[in-house]
Amino acid sequence: MPTPTLLVLDAEPLPRLGRLTGHARIEHTDAEGLAARLPRADVLLVWDFTSRAVRDAWPGEGPRPRWVHTASAGVDHLMCPELAASDTVVTNARGIFDQPIAEYVAALVLAMAKDLPRTLQLQRERTWRHRESQKIAGSRAVVVGTGPIGRAIARTLEALDITTALVGRAPRPGVHGPEDLDRLLARADWVIAAAPLTEQTHGMFDARRFGVMQPSARFVNIGRGQLVVEDALAEALAKHWIAGAALDVFESEPLTPDSPLWQVPGLIVSPHMSGDIVGWRDELGAQFVELYELWAAGKPLENVVDKRRGYVPGH
């Protein structure tokens, strides 16, 4: 059997794939060269998980890789109708980011409850201003998204004695369905968006949903930027419909210096870093190597994405 060709859509730093020496013919490409190289590849590793090059290149002529792996939890950046309809298996980096993102959300909840952004600002101004902060134990949270990341967030918030409800695509034991979302939002102190980007979730947090929330509520998005209508969130904060928000993902990234979101009152902006801990790229590379070894041995792959739904089913 000839050695399979592994094509890597590059981003710096490159993945460590030394264990595949002799088991794969590794080729590298940038976005411009992807379309020409796809027909010769057996496997595509989308290491540049911010690129939309796969969506553009996939519909071209010629054979396509039998397996595509993206070094990210989300797959919306690479899915197109032609890929969704093909026999190609798609896998993602499920499991790498769960706990780091959960910890980041907990940090944001604590920062907002304890008014830490204002404390740091007052320190820079050398201003002594006593304030009262919020007790988070006994408060209520809603986590929208029941994948591994959403479940890790729920566990972490519950460890802080926050009563947490999970909302998923359909109701089942321990999970509320979409029909319960507005009722839960109306009582929540913390609303966490952790859903995948699908036709059903695109723009789900709009002016109506922010209007449902209570004035003391805070909103956090660590899912996908397109879950949120950003202008509606900015208006909700400006009009004090909600008390605060934090965004780690945005409709367009990176956020430009002239974006009005930088100066929205009560909004914490972070540069899509909630899951990126020290050594995260090495973990992503090691995960792919393990999956490749399963694939080369003819064994079932883990983290297989339902291409129609846009996420790994079973949660």
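Numbers for residues simply follow the sequence, beginning at 1. Predicted model, so just to flag it, every value in this text is computed and none were measured.
Judged purely by atom type and a 3.5 angstrom limit, Asn303 uses its side chain to pair as donor or acceptor with the backbone of Arg94. One N or O on the side chain of Lys307 and one on the backbone of Leu83 form a donor-acceptor pair closer than 3.5 Å. Checked by atom type and distance alone, the side chain of Arg52 never pairs as donor or acceptor with a backbone atom of His77 at under 3.5 Å. Looking only at distances, a side-chain donor or acceptor of Glu230 sits under 3.5 Å from a matching main-chain atom of Glu251.
Between Phe219 and Phe210, the ring planes are perpendicular. Angles over 60° get that label, and only those under 30° would be called parallel. A perpendicular orientation is assigned to the rings of Trp280 and Phe49, their planes being inclined by more than 60° (bins at 30° and 60°).
Hydrophobic clustering, with ILVMFWY side chains joined whenever heavy atoms are under 4.5 angstrom apart, keeps Ile192 apart from Leu233.
For Gln226 and His202, the side-chain atoms include no donor-acceptor pair closer than 3.5 Å.
Look at Asp180 and Arg183 and you find a salt bridge, because one of the NZ, NE, NH1 or NH2 atoms lies within 4.0 Å of a carboxylate O, short of that distance.
Here the OG1-CG distance, from Thr156 to Leu160, works out to 7.5 Å after rounding to the nearest 0.5 Å. Here CG of Asp189 is found 7.0 Å from CZ of Arg140. Values are rounded to the nearest 0.5 Å. Atom CD1 of residue Ile242 and atom CG of residue Leu237 lie 4.5 Å apart, to the nearest 0.5 angstrom. Ile26 CD1 to Tyr292 OH: the interatomic distance, rounded to the nearest 0.5 Å, is 8.0 Å. Taken to the nearest 0.5 Å, the CG atom of Asp248 stands 8.0 Å off from the CG atom of Asp276.
Remark: Arg19 CZ is packed, more than 12 non-hydrogen atoms of other residues, nucleotides or ligands lying under 6.0 Å away. Counting heavy-atom neighbours within 6.0 Å of Glu179 CD, excluding the residue itself, gives a total above 12.
Between Trp262 and Phe250, the gap from one ring centroid to the other reaches at least 6.0 Å.
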